[in-house]
Structure formats: structure tokens, C-alpha cells
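See structure below.
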Number of protein chains: 2
Amino acid sequence: MRRAFGLRVRTLREPLALSQEDLADQAGLHRTYVGSVERGERNISLDNIYRLAKALGVHPADLLRDS
Amino acid sequence: MRRAFGLRVRTLREPLALSQEDLADQAGLHRTYVGSVERGERNISLDNIYRLAKALGVHPADLLRDS
DNA sequence: GTGTGACTCCTAGTCCGTC
DNA sequence: AGACGGACTAGGAGTCACA
């Protein structure tokens, strides 16, 4: 389900025309980390789920949908 | 928002008449760990969010609502 | 049945780089 | 633009004794 989470991030990011690096900057995270999250390699923690959601302009719960 | 998450877990747990220990057992976690999550002291990661949601019989996204 | 401090172990997360 | 690797530090996972 990490994979589903990562895909969800990616499908929300792309329509915004943000690069992984852009998203990382806005979320206050590192670019390589965001990449590995999208690939489903990381077990991301709650604080960073909130950061990514905020940077993507969605509710945190939206990142866990369809899983 | 860790706090909100913890409260959400607690308010979902209590109607089920489960103790923290019961919930911990069902989720495959430690009793004191679940307690500290409910108190908002832990920055829980995605895997454990899924475990708790499953043990509570709700969708993981439901644990992030109302935050 | 729950709260809390302290602890170890492992991974979350960063930073450098290359392809 | 993104994938991926190595080395590193911060912090989450998991447990215990005791209140």
C-alpha cells in the first residue's frame, strides 16, 4: 500500500506541472526522498503525509484513498 | 495533527469496547506504543496507520479525517 | 487499563553524486 | 526531468519497569 500511496502522490503532482524537486521544496523535503516515496519504496510518516498533502493542495485523507 | 490522529483512533476504539491492549494485539503492535499514538506523541508511519485501520475495521483514510 | 521515561535497534529522511 | 547509489544523521519502531 506504500505503492498505492506513491502513485496517488504522482497522479496528483503531474497535473500541477510540478517536478519532484518542486514538490519536495514546497513540502520541505528532499528531492530524492519524494522520488522514492512515489516509487513506493518508503514507509512515510504522518508528519510528511501532511506536508505532501498541503503542498499538493489536497486533504491528507485524499492521499490514502483507493488503496 | 498527530494529536488529531490519536484522538481519532481513540474515538473509534472505544465504541468497540476494545482496550488499548486489545487493539495493539489485533494490530500486531505493542500496548504502550498504541497508547502513545493515541496521546499524539508518536509520528506514526504509513504501515502502522494501515495496521491500526484494519484492526479498527475502518478505511485508513478515515483515520485522517477531521484533522 | 493506561501513562510515562528511558532505552536499543532499525529505518526514515538528507545530501552528495552519477546515469 | 527522474532513477538510483553510498554514506550519513535524525528520529520512528518496538519494548520494559514502574506508577
Side-chain angles (χ1 to χ4, degrees):
Chain A
M1 60 297 215
R2 296 184 189 180
R3 197 136 195 116
F5 180 89
L7 285 175
R8 195 88 181 106
V9 170
R10 181 164 291 180
T11 54
L12 285 169
R13 175 176 63 80
E14 288 174 337
L16 298 176
L18 290 174
S19 66
Q20 290 180 348
E21 190 164 8
D22 292 335
L23 177 57
D25 287 346
Q26 292 197 23
L29 297 171
H30 200 267
R31 96 191 146 72
T32 59
Y33 182 68
V34 170
S36 60
V37 166
E38 286 192 357
R39 271 174 267 129
E41 297 171 358
R42 298 286 186 151
N43 183 23
I44 191 171
S45 65
L46 190 60
D47 286 358
N48 287 340
I49 291 173
Y50 273 81
R51 289 190 187 202
L52 284 177
K54 188 174 180 180
L56 289 167
V58 299
H59 192 284
D62 291 335
L63 295 179
L64 300 192
R65 290 260 165 59
D66 317 322
S67 50
Chain B
M1 60 296 212
R2 294 184 193 179
R3 198 138 195 115
F5 179 88
L7 285 174
R8 194 88 181 107
V9 170
R10 182 164 291 181
T11 54
L12 285 169
R13 175 176 60 81
E14 289 175 337
L16 299 176
L18 290 174
S19 66
Q20 289 182 348
E21 191 164 8
D22 292 335
L23 176 58
D25 287 346
Q26 292 199 23
L29 298 171
H30 199 269
R31 159 187 95 71
T32 59
Y33 179 71
V34 170
S36 59
V37 166
E38 286 193 356
R39 271 173 268 125
E41 297 171 359
R42 300 277 187 152
N43 183 23
I44 191 172
S45 66
L46 191 60
D47 285 357
N48 285 344
I49 291 173
Y50 273 82
R51 289 192 187 201
L52 284 178
K54 188 173 182 182
L56 288 167
V58 299
H59 192 286
D62 292 335
L63 295 179
L64 300 192
R65 290 263 164 56
D66 317 320
S67 50

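Order of the sequence lines sets the chain letters (A, B, ...), proteins ahead of strands, with each chain counted from 1. All figures in this text were calculated on a predicted structure; none of them were measured in a lab. Basis for what follows: all heavy atoms, side chains included, without hydrogens, waters or symmetry-related copies.
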Open item on the list: Quiz question: by atom type and distance under 3.5 Å, do the side chains of B:Asn48 and B:Ser45 form a donor-acceptor pair?
Closed with: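 No, because no side-chain N or O of B:Asn48 sits under 3.5 Å from a partner of the opposite role on B:Ser45.
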Check whether any side-chain nitrogen or oxygen of [X] sits under 4.0 Å from OP1 or OP2 of [N], and answer yes or no.
{"X": "B:Asn48", "N": "D:dG14", "value": "yes"}
{"X": "A:Asn43", "N": "C:dT11", "value": "no"}
{"X": "A:Arg13", "N": "D:dG2", "value": "yes"}
{"X": "A:Arg10", "N": "D:dA3", "value": "yes"}
{"X": "B:Arg31", "N": "D:dA17", "value": "no"}

What is the separation between atom [atom1] on [X] and atom [atom2] on [N], rounded to the nearest whole Å?
{"X": "A:Ile44", "N": "D:dG11", "atom1": "CD1", "atom2": "P", "answer": "15 Å"}
{"X": "B:Tyr33", "N": "D:dA13", "atom1": "OH", "atom2": "P", "answer": "3 Å"}
{"X": "A:Gln20", "N": "D:dA3", "atom1": "CD", "atom2": "C1'", "answer": "8 Å"}
{"X": "B:Leu23", "N": "D:dG14", "atom1": "CG", "atom2": "P", "answer": "14 Å"}
{"X": "B:Glu41", "N": "C:dG5", "atom1": "CD", "atom2": "C1'", "answer": "10 Å"}
{"X": "B:His30", "N": "C:dA6", "atom1": "NE2", "atom2": "P", "answer": "18 Å"}
{"X": "B:Asp47", "N": "C:dC10", "atom1": "CG", "atom2": "P", "answer": "17 Å"}
{"X": "A:Asp25", "N": "D:dA1", "atom1": "CG", "atom2": "C1'", "answer": "14 Å"}

TODO: Would you indicate what B:Glu38 reaches in the nucleic acid, counting non-hydrogen atoms under 4.0 angstrom: base, sugar-phosphate, or nothing?
DONE: nothing
- [ ] Select from B:Leu46 and B:Thr32 the residue whose nearest nucleotide in DNA chain D is closer to the 5' end of that strand.
- [x] B:Leu46
Can a donor-acceptor pair under 3.5 Å be found between the side-chain atoms of [X] and the base atoms of [N]?
{"X": "B:Arg42", "N": "D:dG14", "answer": "yes"}
{"X": "A:Arg39", "N": "D:dA3", "answer": "no"}
{"X": "B:Arg51", "N": "D:dG14", "answer": "no"}

Task: Minimum heavy-atom distance B:Arg8-B:Asp62, with the two atoms named - done: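 Closest pair (atom of B:Arg8, atom of B:Asp62, distance): NE-O, 3.0 Å.
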Task: A:Glu14 CD to A:Glu38 CD distance, which is reported to the nearest 0.5 Å - done: 7.0 Å
Task: Heavy-atom side-chain contact between A:Leu12 and A:Leu52 under 4.5 Å - done: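 In short, these two side chains do not touch, never coming nearer than 4.5 Å.
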Open item on the list: Do B:Leu64 and A:Leu63 make a side-chain contact, defined as non-hydrogen atoms from C-beta onward lying under 4.5 Å apart?
Closed with: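 Answer no - side chains too far apart.
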Task: 5′-ward residue of the pair B:Ser36/B:Ser45 relative to DNA chain C - done: B:Ser36
